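Down below is the structure, laid out as structure tokens.
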Amino acid sequence: MSEDQDAAGAMSFIFEAGVLKRAARTGWWFAGVKHPESIAEHSFRTALIGIMLAAMEGADPARVSMLCVLHDTQETRITDIPHVAKRYLTAAPNTAVTADQVADCPPAVTDVIYAAVAEYEAGETLEAVVARDADKLECLVQAVEYRHQGVADVQRWIESSRAALRTTSAHRLADAALSGVPMAWLNSPRP
């Protein structure tokens, strides 16, 4: 493959990932959220949470943030399938979707992205466990924010997200989210 073809393949994946900025997290529609956050917005905060959890759990923050950024990139092709729909639909494995997405990228790019998605999906390394906790914790935090905005039917998201957490640090942050006020940071005293 020529360098121009490699660059075009990489840019194709970059353009495709841009769809995530416009694609909504569809499960929130069931809770009555008319305009839920995008998949990209979710992934951004998941990566921030992942960095924090990695530091708290002794994992590699850079690796965790990469896993978090890539964990939902497949949804450009299979969409954000709500939990209830998964009872009726069978989607291709995320690793297979990722392999297709990055097939035309430079080999080094393909290898890095595919390995990260495979690691996340396997869920066996500390970094993958932390990244998965970051994903679930972000969902819990979003539910708390929606509840404070007046969306009443978010408790099932809080409970299922909390039940999926594996690390002590994620449980600590979940407790803080559930007892906190999302906009309290606006009132913090100046130094």
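Because the structure is a prediction, the values reported are computed rather than measured.
Between V19 and T76, the shortest heavy-atom distance links the atoms CB-CG2, 4.1 Å. The two residues V141 and A177 make their nearest non-hydrogen contact at CG2-CB, 4.1 Å. Considering every non-hydrogen atom in both G50 and V130, the closest pair reads O-CG1, 3.9 Å. The two residues P61 and A59 come nearest to each other via the heavy atoms CD-O, 3.0 Å. Closest approach of A118 to T95, counting heavy atoms only: CA-CG2, 3.8 Å. Closest heavy-atom contact between C68 and A47: CB-CA, 3.6 Å.
For Y146, the ring-ring contact (aromatic ring centres under 6.0 Å, His included) partners are W28, not counting sequence neighbours. Annotation: side chain to side chain donor-acceptor pair (under 3.5 Å) contacts of S38 (sequence neighbours excluded): E41. Every residue meeting the side chain to side chain donor-acceptor pair (under 3.5 Å) condition with T98, not counting sequence neighbours, appears here in chain and number order: Q74. Every residue two or more places apart in sequence or in another chain that forms a salt bridge (Lys or Arg N to Asp or Glu O under 4.0 Å) with D72 is listed here: R25.
Both F30 and V151 belong to a common hydrophobic cluster when Ile, Leu, Val, Met, Phe, Trp and Tyr are linked at side-chain heavy-atom distances under 4.5 angstrom. V64 and L137 fall within a single hydrophobic cluster, where Ile, Leu, Val, Met, Phe, Trp and Tyr are joined by side-chain heavy atoms under 4.5 Å apart, directly or via other members. Using a 4.5 Å cut-off between side-chain heavy atoms of Ile, Leu, Val, Met, Phe, Trp and Tyr, with links allowed through other members, L140 and V154 fall into the same hydrophobic cluster. Hydrophobic clustering keeps L53 apart from V129 (ILVMFWY residues linked when any side-chain heavy atoms are closer than 4.5 Å, directly or through intermediates). Hydrophobic clustering places V33 together with V144 (ILVMFWY residues linked when any side-chain heavy atoms are closer than 4.5 Å, directly or through intermediates).
The environment of H148 atom NE2 is dense: over 12 non-hydrogen atoms of other residues, nucleotides or ligands sit within 6.0 angstrom.
Screening residues 134-156 for salt bridge (Lys or Arg N to Asp or Glu O under 4.0 Å), with sequence neighbours left out, gives R45-E138, R45-E145, D153-R156. Applying the salt bridge (Lys or Arg N to Asp or Glu O under 4.0 Å) test to residues at least two apart or on different chains, the pairs with a partner in residues 77-94 are E16-R77. The list of salt bridge (Lys or Arg N to Asp or Glu O under 4.0 Å) pairs with a residue in residues 111-133, not counting sequence neighbours, reads R63-E119. Residue pairs meeting the side-chain hydrogen bond (donor to acceptor under 3.5 Å, both in side chains) criterion with at least one member in residues 169-184, sequence neighbours excluded: E57-S169, R162-D175. Applying the ring-ring contact (aromatic ring centres under 6.0 Å, His included) definition to pairs two or more places apart or across chains, those involving residues 100-130 are H71-Y120.
With contacts defined as side-chain heavy-atom distances shorter than 4.5 Å, the pair Q155/W157 does not qualify. With a 4.5 Å cut-off on side-chain heavy atoms, L173 and M56 count as touching. Side-chain contact between Q101 and T73 is present, with at least one heavy-atom pair separated by less than 4.5 Å.
Side-chain N or O atoms of T79 include none that pairs as donor or acceptor with a backbone N or O of E75 at under 3.5 Å. Distance alone, capped at 3.5 Å, places no donor-acceptor pair between the S161 side chain and the I158 backbone.
Other residues sharing the hydrophobic cluster of I14, ordered by chain and number and joined by side-chain separations under 4.5 Å: M11, F15. In this structure, I113 shares a hydrophobic cluster with F13, M66, L70, V102, V109, V112, V117, the cluster being traced through Ile, Leu, Val, Met, Phe, Trp and Tyr side chains under 4.5 angstrom apart. Residue I81 shares its hydrophobic cluster (ILVMFWY side chains chained together at separations under 4.5 Å) with L89.
S65 pairs with exactly one of D60, L48, I51 by the side chain to side chain contact (heavy atoms under 4.5 Å, CB included) rule, that one being I51.
Atom OG of S43 is separated from atom CD of E37 by 9.5 Å, given to the nearest 0.5 angstrom.
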